Undergrad: 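Here you go, one structure.
Chain naming here is simple, since letters A, B, ... match the order of the sequence lines and numbering starts at 1 in each. Bear in mind that the values here come from a model prediction, so they are computed numbers and not experimental data. Atom set for the values below is all heavy atoms of this structure, side chains included, hydrogens, waters and symmetry mates excluded.
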Amino acid sequence: MKKRNSQGHTMIQQKLLIIDGHSMAFRAFFALPPENFTTTTGQATNAVYGFTTMALRLIEEHQPTHIAVAFDTKVKSFRSDEYPEYKAGRAETPQEFKGQIGLIKQVLETVGITWITKDGFEADDILATLAKQGDEAGMKVLVASGDRDSFQLITDNVNVIYPGRTPADLKIMDAAAVEERYGVPPQWYPHIAALTGEKADNLPGVPGVGEKTAAQWVMKYAGLAGVLANADKIGGKRGEALREHEADVLRNRRLNELLTNLELPYNVADLTREPVNRQAVNELFDVLEFNRLRKRVFDLDANADSNEEIDDTRTIETLELKLVSDGFQNWISQVPDQAVLAVASEYVKTELNALAIYYATEGTGHCYALEPRFLSDTEQKELEDLLTSHAVITHEAKRLRHAFRECGFEIGELAEDVELEAYLLGPDQREYSLPTLSEKYLQRSLPVAESAQLSLLRDFSELAGQAQVVYDLHEVLFKQLETTQLAELYRGLELPVQADLYELEKHGVAMSMDVLNQLLEELTEQVEVAEEAAYNAIGHKVNLASPMQLQTVLFEELQMPKTKKTKRGYTTNAEALVELYEKTQHPFLQHLLAHRDKIKMRQIVEGLISAVGADGRIHTTFQQTVAATGRLSSTEPNLQNIPARTAEGMRIRGAFVPGTGFDYLLTADYSQIEMRLMAHMSKDEALIEAFKSGEDLHRTMAAMVFAVPVEEVTPALRSQIKATSYGLAYGLSSYGLSQQLGISVPEARKLKEKYFERFGGVGRFLGEVVEEARERGFTATMMGRRRYLPDLNSGNTNLRAMAERAALNAPIQGTAADIIKLAMHLVMRVLRERGLASRVLLQVHDELVLEVVASELNEVIQIVTDVMSGAAELSLPLDVSFGVGASWQDAAH
DNA sequence: ATATAGACGTA
DNA sequence: CGTACGTCTATATC
């Protein structure tokens, strides 16, 4: 890369790459399975390999003229002197890792890269010192580090390369990126970290203060010093907590400040890349048994030599963006038949405000942007034809479908959706907005769309840029789906399901206002009665919905025994209240519990009432990209958590009714699908047999475990086994099981052991699932859906245990999600093909709710049960049960 | 208006 | 100290 200096002749812009050797090697170590990277002599090389590929990639991509790698040393740093608990609680570094650092240093030496350590300091401090020197010397500096503390180094000329989930996923963080993500300029990032604390380094912060609050304070008072100076002006609990923990905050800040004035054995100018020592590389790579890497290393050298001679005058921007403000039909006529059209859209609420359509031909991008509300009928027809006759790429297609409908037209087959693609590639991300995806997959920043503006002289270039990003994203994402064997799941399942969900949302579900109003009236009455009774029991009013006020009443006024601790006091949840009632028999507790119950019900009914639309139906939104396991979720309102467990709660389901033109609601659900999948995937013969007996599953299993005849299984034994079975699929501990069953921990442990004696295959399976996930980095469902769990290798015991439980559960919950999605899609397809009016309205994880015409009832039941039970081929049948009725309540079974 | 904690509904 | 979700209320602070 070149730039012109003031004298007018070209000079090379110097670029310095500094890598945190330890942190990058550590990530590589955990990302790559050691058994694939062990030499014939037994030397583990996964960290060496991972580090080397990562470094090569950085060099190839950024072509630095100067480069250095910094390492920590064994000598404790000054930070530990200041705070002995620093980084305490971290797991011991694995032995196989330690040995590889030496090898990495050897690799660096053979390829001509400088490495640096300094006793008493951390690699971070070396990075900071070099970054500062580089910046001052006018160099462009890239700092590769997995430590967020390095963000404080960012300036106009210093960027941080921060690894994402996988080692291949490297994000460039500049000032804008940090501000976008954390809400403060980079130099203040450590101020936030000091306030919130740092778990990994065992540095507690101010309780109750998270990233948002910290960022707000720091911005308001212009830095941490200002925050502390004005601590007395910050009122309330948080202000109090801040003043109380000032010492912690100051300590955190001292510890996370990186030193920029270390005496190092090298100056930045010394850090040029030396030629690769080919012979040494050959010898070392022979030992390491790296073969493919050799060529990349040698190529690197060749490029470095020629780098200085190339006069790089090519324009990088080869795309010409054509923006047309009129002549829509004329533009359309020029679109080639085989062009792939990327669509970007801009909304005001749900309404489509503007649209950009983009396609690329050889070296040129073409884009047309328009505001659909100004289209004439003919033009609108043209647009429909254009979109239906071409392959289309979108972002959030379901939203676009709804918006198109509001404009007065429907789009049939919309092909690709980059949001779904990104979701399948990384289902744990909580956000798939276009700017986020652009940054992550294209390393291109995209301005976050401003609020939509009205036409008059508006600038469409931003929207055009978005359409181009949609187009480019698909190229990248689909390729990645193919290499990860996810393309089939995407095309064959998620895309069709998205179109199905659009239909579900469009239809909505009819509500009986009479039932809702009746319920509201009753519940309001009951709430008032319980409230009154509660007040009388203690002799005064109190806000029953305030845990804080309740604590005062229960533990101070009434001096009741303390319950389990929460963050700021003692719990007042239902479980604890029941326990307190058993101990104290105080009537207040009864009334409080009744009040909780009734007010919760009323709140649900109120929510439903306000969600009923003008058509008398509720149109929920199904989220297809939020649940990391592959499940759907439902929002505004959530129709997947309507009460079902109590008769009282079920009455709310009585308000869900067939709409005009329909006669019944039909529900069909999989019975015990997760346990069946456990049986199938674990191949546990006893469990499969228990299912095949056709008798009550938990009862049969209890008889097997306790070696008694089925008739002798008591309800208590049955429920113990039931709890154990479901608990296991969630990674339940002996402690948790003991809590749930009200038995001692040793008893719970014994129960688990006994269970596994009979169902050994289940235990083996669960163990294997976690191990495989640890090695591969992800779990997979039967249909190949992945969930990445990098924390399986975390040094943090808590994080690791959490990831292990998620790993146990993800393949089971995820496979069940795959199956019901497929079943739903097939049911809808068959209903459509048969020309039936009956239709699917809701999906509740293992259940479908349909609205049925009486004359079609038998056929629909047949279709639903056949299709659902046939949706997957397992070693045991998928049982489906169904119910029909005049409401969701009556359709229960 | 917005963030956080606590509680609780579903599979 | 059991997985996966969403929503409501209180509370504190803007």
Side-chain angles (χ1 to χ4, degrees), chain A residues 183 207-217 219-220 233-241 427-428 430 543-551 564 566-577 593 596-597 599-604 606-608 611 620-623 626-646 649 652-653 669-670 672-674 723-740 745 748 787 797-798 801-814 816-817 820 842-847:
Chain A
V209 173
E211 262 174 24
K212 303 279 181 190
T213 309
Q216 214 174 5
W217 286 352
M219 289 304 278
K220 172 151 190 221
K233 290 191 199 144
I234 300 176
K237 299 271 151 86
R238 284 198 202 123
E240 208 173 283
D428 272 283
R430 75 255 136 242
N543 186 343
L544 299 175
S546 161
M548 259 170 63
Q549 297 184 32
L550 287 178
Q551 285 173 56
K564 260 179 75 178
T566 62
K567 268 202 163 170
R568 19 193 331 123
Y570 302 93
T571 182
T572 63
N573 66 22
E575 192 193 335
L577 294 182
L593 280 165
R596 280 254 177 93
D597 212 40
I599 207 157
K600 178 84 186 173
M601 291 292 139
R602 188 180 68 173
Q603 172 232 108
I604 292 171
E606 280 174 338
L608 290 176
T620 183
T621 304
F622 286 103
Q623 307 294 332
V626 300
T629 52
R631 274 190 177 181
L632 300 176
S633 75
S634 156
T635 60
E636 289 180 289
N638 182 356
L639 294 187
Q640 289 181 323
N641 72 342
I642 302 302
R645 289 177 182 173
T646 62
I652 296 179
R653 293 194 172 207
D669 64 43
Y670 285 113
Q672 287 138 347
I673 188 168
E674 296 196 350
T724 310
S725 291
Y726 282 100
L728 286 173
Y730 301 145
L732 184 62
S733 63
S734 297
Y735 173 85
L737 188 60
S738 75
Q739 288 296 298
Q740 187 171 19
V745 174
R787 180 172 182 187
T797 316
N798 246 333
M802 239 156 71
E804 283 169 356
R805 292 193 296 269
L808 284 183
N809 181 253
I812 302 170
Q813 190 182 122
I820 183 99
L842 298 174
Q843 187 258 50
V844 191
H845 306 312
D846 65 359
E847 169 187 8

Undergrad: I need the CG-P distance between A:L550 and B:dA7, as an integer number of Å.
TA: 9 Å
Undergrad: Quick one: are A:V844 and A:L639 in side-chain contact, heavy atoms under 4.5 Å?
TA: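 Counting from C-beta outward, A:V844 and A:L639 never come under 4.5 Å.
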Undergrad: Applying a 4.0 Å non-hydrogen cut-off, can you work out what A:R596 is touching in the nucleic acid: base, sugar-phosphate, or nothing?
TA: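 Sugar-phosphate, no base atom in range.
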Undergrad: List in chain and number order the residues that pass salt bridge (Lys or Arg N to Asp or Glu O under 4.0 Å) with A:E804, two or more places apart in sequence or in another chain; answer none if no residue qualifies.
TA: A:R774
Undergrad: Could you give the CE-to-P distance, from A:M601 to B:dG9, as a whole number of Å?
TA: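 Spelled out: CE on A:M601 to P on B:dG9 is 6 Å.
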Undergrad: Go through A:L593 and A:D597 one step at a time and tell me if the side-chain contact (heavy atoms from CB on, under 4.5 Å) criterion holds.
TA: CA-CA 6 Å; A:L593 280 165; A:D597 212 40; over 6 Å; no
Undergrad: With the side chain counted from C-beta on, respond yes when A:L608 and A:I642 share a heavy-atom pair under 4.5 Å apart, and no when they do not.
TA: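 Answer yes - side chains close enough.
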Undergrad: Of the listed nucleotides (B:dA7, C:dC14, B:dT10), which one gets closest to any side-chain atom of A:K220?
TA: C:dC14
Undergrad: So, is A:Q549 close to the C:dT11 phosphate, meaning a side-chain N or O under 4.0 Å from OP1 or OP2?
TA: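 The answer is yes; a side-chain N or O of A:Q549 sits under 4.0 Å from OP1 or OP2.
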Undergrad: What is the distance, to the nearest angstrom, from the CG atom on A:D597 to the C1' atom on B:dG9?
TA: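 Distance check: A:D597 CG to B:dG9 C1' gives 11 Å.
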Undergrad: Measure CE/A:M548 against C1'/B:dA7 and give the value in whole Å, please.
TA: 15 Å
Undergrad: Atom CG of A:N573 to atom P of B:dG6: distance rounded to whole Å?
TA: 11 Å
Undergrad: Can you check side-chain contact (heavy atoms from CB on, under 4.5 Å) on A:L632 and A:Q640, steps first, answer last?
TA: CA-CA 9 Å; A:L632 300 176; A:Q640 289 181 323; 4.3 Å; yes
Undergrad: At under 4.0 Å between heavy atoms, what does A:D669 touch on the DNA or RNA strands: base, sugar-phosphate, or nothing?
TA: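 No contact.
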Undergrad: Between C:dA10 atom P and A:Q551 atom CD, what is the distance in whole Å?
TA: 15 Å
Undergrad: Could you check how far CG of A:L608 sits from C1' of B:dG9, rounded to whole Å?
TA: 12 Å
Undergrad: Between B:dG6, C:dT11, B:dC8, spot the one nearest the side chain of A:S546, thanks.
TA: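 Comparing B:dG6, C:dT11, B:dC8 against the side chain of A:S546, the answer is C:dT11.
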Undergrad: Quick one: do the A:R596 and A:T572 side chains pair a donor with an acceptor below 3.5 Å?
TA: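 Yes.
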Undergrad: Does any part of the side chain of A:R787, heavy atoms only, come nearer than 4.5 Å to the side chain of A:T629, both counted from C-beta?
TA: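 A side-chain contact under 4.5 Å exists here.
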Undergrad: Determine, for nucleotides 2-7 of chain C in 5'-to-3' order, which nucleotides have protein heavy atoms under 4.0 Å from the base (write B), from only the sugar-phosphate (write S), or from neither (write -).
TA: BBBSBS
Undergrad: Answer with base, sugar-phosphate or nothing: what part of the nucleic acid does A:A574 contact at a heavy-atom distance below 4.0 Å?
TA: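 Sugar-phosphate: the residue A:A574, judged by heavy atoms under 4.0 Å, touches backbone atoms but no base.
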Undergrad: Distances for protein N/O vs nucleotides 2-5 of chain B N/O pairs under 3.5 angstrom?
TA:
{"unit_1": "B:dA5", "atom_1": "OP1", "unit_2": "A:K567", "atom_2": "NZ", "d": "3.3"}

Undergrad: Is there side-chain contact between A:Y726 and A:L732, with heavy atoms separated by less than 4.5 Å?
TA: no
Undergrad: Looking only at atom P, what distance separates B:dT4 and C:dG2, rounded to whole Å?
TA: 25 Å
Undergrad: Should A:T620 and A:N638 count as side-chain neighbours, where that means a heavy-atom distance under 4.5 Å?
TA: no
Undergrad: For a quick test of reading the model, state the closest non-hydrogen atom pair linking A:G569 to A:Q551 and the distance between them.
TA: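 Taking every non-hydrogen atom into account, CA-OE1, 3.4 Å.
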Undergrad: I need the CG-P distance between A:L544 and B:dA7, as an integer number of Å.
TA: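 Value for this atom pair: 14 Å.
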